[in-house]
Amino acid sequence: MKIATWNVNSLKVRLPQVLEWLALERPDVLCLQETKVPDEAFPSDALAHAGYSALFAGQKTYNGVAVLATHAPTLVATGIPGFADEQKRLIAADCDGIRIVCAYFPNGQAVGSDKFAYKLAWIAALTGWLRSELAKHPEMLLLGDLNIAPEDRDVHDPKAWEGQVLCSEPERAAFRALTALGFADGFRLFEQPERAFTWWDYRMAAFRRNLGLRIDHVLVAPALVPRARACRIDPEPRRAERPSDHAPVILELG
DNA sequence: ATGGCTTGAGTGTCAAGA
């Protein structure tokens, strides 16, 4: 079973690339973030034609998440239950007996800003919800743009990024509190190349120079760790004309 | 040099991303 996540930075712009990638990789499940499309405009028909059922929670202009699956997924939740939030950042679904939590963590803008406080509150709410959910549904994956580079090796220039948003200690502590529920960082379950990133700034030829961060993640609940076979970043879509600034991450389960 | 690009809004030029 192949399960993937990709921040597409506008599903409207990226739909041709998503369809091409689905045809090439044929994942069983693909989680999308930053669809930036209201639900009434979601391209369900094009995806159905490609063989994928979709569940989605979107809004105009910003945010938006979706779960695509070859076998029709069952909706579990949109948004973090018990956490009032206008921003469409979470959708959870059951896919072939696996609970898929697709998340677009807040960016945080700058350490100490209101948006940074929102980011930490959002992650704390998610962690609280998942603590009880994991007990009830142990076969769980949390995938998405988590907007945190958990360690210095996930940053192209740790000195330059030290203390900055996406890399700051409060964010890394929140990431550790989340993984302390038992989740493994799927990417780190396997030997990986150095300087492996999932996001590169559009500016300064950052992708060509591999000036990136690893901020998109697949977290694997303890019950699923024995089934994990491989995890990789696919940089190919980032080479396309008009690419998303993020690359997909793929987990294979046995 | 707090810049550099991309998207969506909307037709000016800005907010937001990371």
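The figures that follow rest on heavy atoms only: side chains count, while hydrogens, waters and symmetry mates do not. Just so you know, these numbers come straight off a predicted model, no measurement behind them.
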- Specify the separation, in whole Å, of atom CZ of A/Phe197 and atom P of B/dA18. 17 Å

- Message: Would you say A/Asp216 and A/Trp199 are linked by a side-chain donor-acceptor pair, where the criterion is simply a distance under 3.5 Å?
- Response: no

- How long is the line joining CG of A/Asp154 and C1' of B/dA18, in whole Å? 15 Å

Run the side-chain donor-acceptor check on residues 17-25 of chain A: report pairs under 3.5 Å with partners two or more places apart or on a different chain.
from	atom 1	to	atom 2	distance (Å)
A/Gln17	NE2	A/Glu241	O	3.2
A/Gln17	NE2	A/Arg242	O	2.8
A/Trp21	NE1	A/Asp234	OD2	2.8
A/Glu25	OE1	A/Lys2	NZ	2.7
A/Glu25	OE1	A/Arg232	NH2	3.0

- Query: A/Asp145 near the nucleic acid: base, sugar-phosphate alone, or nothing, with a heavy-atom cut-off under 4.0 Å?
  - Reply: sugar-phosphate

- Query: Should A/Glu139 and A/Arg99 count as an ion pair when the cut-off is N to O under 4.0 Å?
  - Reply: no

- Task: Name the nucleic acid region contacted by A/Tyr104, choosing base, sugar-phosphate or nothing; use a 4.0 angstrom heavy-atom cut-off, strictly under.
- Result: sugar-phosphate

- Message: Output the rounded distance in Å from NE2 (A/His246) to P (B/dT6).
- Response: 14 Å

- Query: Over how many whole Å does the gap from A/Asn63 atom CG to B/dA16 atom C1' extend?
  - Reply: 10 Å

- When you check the gap from the basic side-chain N to the acidic O, do A/Arg203 and A/Asp201 get nearer than 4.0 Å? yes

- Message: Without decimals, in angstroms, what is the distance between A/Phe175 CZ and B/dA18 P?
- Response: 16 Å

- How far does the P atom of B/dA18 sit from the matching atom of B/dT2, given to the nearest Å? 23 Å

- Item | Base B/dA18 paired with A/Asn107 side chain (donor-acceptor, <3.5 Å) | yes

- Task: May I ask you to evaluate whether A/Arg14 reaches the phosphate of B/dT7, defined as a side-chain N or O under 4.0 Å from OP1 or OP2?
- Result: yes

- Query: Could you go step by step and tell me if A/Arg239 and A/Glu236 meet the salt bridge (charged side-chain N to carboxylate O under 4.0 Å, His left out) rule?
  - Reply: CA-CA 5 Å; A/Arg239 306 184 204 283; A/Glu236 287 306 316; 3.0 Å; yes

- Task: Examine the side chains of A/Ser244 and A/Asn9 and answer whether a donor and an acceptor come within less than 3.5 Å of each other.
- Result: no

- Item | Donor-acceptor pair between A/Asp245 and A/Trp200 side chains, under 3.5 angstrom | no

- Query: Think A/Asn147 has a side-chain N or O under 4.0 angstrom from the OP1 or OP2 of B/dG17?
  - Reply: no

Measure all distances between protein nitrogen or oxygen atoms and nitrogen or oxygen atoms of nucleotides 12-15 of chain B, and list the pairs falling under 3.5 Å.
none

- Task: Select base, sugar-phosphate, or nothing to describe what A/Asp216 touches, counting heavy atoms under 4.0 Å on all strands.
- Result: nothing

- Taking the C1' atom of each, how far is B/dA15 from B/dG10, in whole Å? 13 Å

- Message: Categorize A/Val13 for me: base, sugar-phosphate, or nothing, with a 4.0 angstrom heavy-atom threshold over every strand shown.
- Response: sugar-phosphate

- Message: Once you apply a heavy-atom cut-off of 4.0 Å, does A/Glu34 come out as touching a base, just sugar-phosphate, or nothing?
- Response: sugar-phosphate

- Query: So, is A/Thr61 near the phosphate of B/dA16, with a side-chain N or O under 4.0 Å from OP1 or OP2?
  - Reply: no

- Query: How many Å lie between CD1 on A/Ile148 and P on B/dG17, as a whole number?
  - Reply: 15 Å

- Item | B/dA1 and B/dG12, which share atom name C1', separated by this distance in whole Å | 26 Å

- Is it the case that A/Asn7 and A/Glu34 place a side-chain donor and acceptor less than 3.5 Å from each other? yes

Shorter than 3.5 Å, N or O on both sides, protein versus nucleotides 1-3 of chain B: list them out with atom names.
none

- Task: Would you mind reading off the distance between A/Lys88 atom NZ and B/dG17 atom P, rounded to a whole angstrom?
- Result: 17 Å

- Message: Could you tell me how far apart A/Asn9 (CG) and B/dA18 (P) are, to the nearest whole angstrom?
- Response: 8 Å

- Task: Give me the ring orientation class for A/Phe197 and A/His156: parallel if the planes are under 30° apart, tilted from 30 to 60°, perpendicular past 60°.
- Result: perpendicular

- Charged N to carboxylate O below 4.0 Å: is that the case for A/Arg172 and A/Asp154? no

